[in-house]
J.: 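One structure coming up, written as structure tokens, with questions to follow.
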Amino acid sequence: MKKYRNYLNKRELTPGDVAKRCGVAVSALHFYESKGLISSFRNAGNQRRYTRDVLRRVAIVKIAQRIGIPLATIGEHLMQISPGTRMTPKEWRLLTGRWREELDRRIDTLTRLKDDLDGCIGCGCLSMADCPLRNPDDRLSERGTGAILLEPEKD
């Protein structure tokens with residue numbers, strides 16, 4: 001309990017403090033910083049230090065990564081929140097709203113994949129290029145490459 005109180009009393013956190021508190025490696029902090037997800041400053045001794053808000057930002061990065069949000073997307077969203085400031089409830093709702101939209105798209109794609117995969121394997125031909133039921137005469141090749149039937153319709 002005493003060690004935890006030490007974190008609460010510190011205004012500046014070392015990379016080791018942040019790593020221990022967030023459950024990540026110091027190298028992960030440096031990587032996040034190189035991607036613009038978090039920021040640090042240098043003290044008078046030229047040592048890297050973090051403000052306490054970095055604990056929340058690292059937690060957000062970890063949550064987003066766990067649900068599959070790409071780091072580039074996380075970075076775009078976090079850039080709209082000033083480093084060194086505490087995230088407001090409104091900013092959190094905006095951030096998670098974007099993630100919900102992304103997750104809904106992924107769930108939809110995965111559901112279609114699951115449903116279509118059963119149908120393709122069920123016919124027995126195992127041909128993705130010339131399936132007489134799903135793609136007679138390979139007509140889908142005109143629409144491009146990849147899993148055309150699994151991609152959402154483009155506007």
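All values below were derived from every heavy atom in this structure, side-chain atoms included, with hydrogens, water molecules and symmetry-related copies excluded.
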J.: Which heavy atom of Arg42 sits nearest a heavy atom of Asn46, and at what distance?
T.: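 Heavy-atom minimum between the residues: NH1-O, 3.1 Å.
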J.: With distance as the sole test, does Lys62 use its side chain to make a donor-acceptor pair with the main-chain N or O of Cys22 at under 3.5 Å?
T.: yes
J.: Drop me the distance from Leu37's CG to Met79's CE, to the nearest 0.5 angstrom.
T.: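 With rounding to 0.5 Å, CG (Leu37) is 10.5 Å from CE (Met79).
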J.: What distance do Arg57 atom CZ and Ile60 atom CD1 have between them, rounded to the nearest 0.5 Å?
T.: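 Those atoms lie 7.0 Å apart.
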J.: For the residue pair Trp99 and His77, establish whether any side-chain heavy-atom pair is separated by less than 4.5 Å.
T.: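 Side chain of Trp99 against side chain of His77, heavy atoms only: contact under 4.5 Å found.
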J.: What I'd like to find out is whether the side chain of Glu12 reaches to under 4.5 Å of the side chain of Thr51, using heavy atoms alone.
T.: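 Glu12 does not reach Thr51 side chain to side chain.
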J.: So, do Thr14 and Gln47 sit near enough that their side-chain heavy atoms are less than 4.5 Å apart?
T.: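 Not in contact.
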J.: How long is the gap from CD1 on Ile81 to CZ on Arg56, to the nearest 0.5 Å?
T.: 10.5 Å
J.: Using the rule that two of Ile, Leu, Val, Met, Phe, Trp, Tyr join whenever any of their side-chain heavy atoms come within less than 4.5 Å, decide whether Val26 and Val54 are in one cluster.
T.: no
J.: About how many Å separate CE of Met87 and CG of Asp53, when rounded to the nearest 0.5 Å?
T.: 9.5 Å
J.: Any salt bridge linking Arg48 with Glu33? Criterion: basic side-chain nitrogen under 4.0 Å from a carboxylate oxygen.
T.: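 Salt bridge between Arg48 and Glu33, a charged N being under 4.0 Å from a carboxylate O: yes.
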J.: I'd like to know if the side chain of Thr109 and the backbone of Arg105 have a donor-acceptor N/O pair within less than 3.5 Å.
T.: yes
J.: Can you give me the closest heavy-atom contact between Val61 and Leu78, atom names plus distance?
T.: CG2-CD1, 3.8 Å
J.: Do you know the tightest heavy-atom contact between Ala25 and Ala19?
T.: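 The pair with the smallest heavy-atom distance is C-CB, 4.1 Å.
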J.: If I take atom CZ from residue Arg52 and atom CG from residue Asp17, how far apart are they, to the nearest 0.5 angstrom?
T.: 9.5 Å
J.: Can you name the one residue among Leu29, Leu55, Val58 that meets side-chain contact (heavy atoms from CB on, under 4.5 Å) with Tyr50?
T.: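 It is Leu29, the one option of Leu29, Leu55, Val58 that forms the side-chain contact (heavy atoms from CB on, under 4.5 Å) with Tyr50.
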J.: Can you give me the closest heavy-atom contact between Pro15 and Arg49, atom names plus distance?
T.: CD-NH1, 4.2 Å
J.: So, does Glu91 use its side chain to make a donor-acceptor pair with the main chain of Thr88 at under 3.5 Å?
T.: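 Pair found, side chain donor or acceptor close to backbone of Thr88.
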J.: So does Arg98 pair up with Glu102, basic N to acidic O under 4.0 Å?
T.: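 No, this pair does not count.
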J.: Are there over 12 heavy-atom neighbours, none belonging to Arg100, within less than 6.0 Å of that residue's CZ?
T.: no
J.: May I ask whether Ile63 and Ile38 are part of the same hydrophobic cluster, defined by side-chain heavy atoms of I, L, V, M, F, W, Y residues being less than 4.5 angstrom apart, directly or through others?
T.: yes
J.: Measure the CG-NZ distance between Leu94 and Lys90 for me, rounded to the nearest 0.5 Å.
T.: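 The NZ atom of Lys90 is 6.5 Å from CG of Leu94, to the nearest 0.5 Å.
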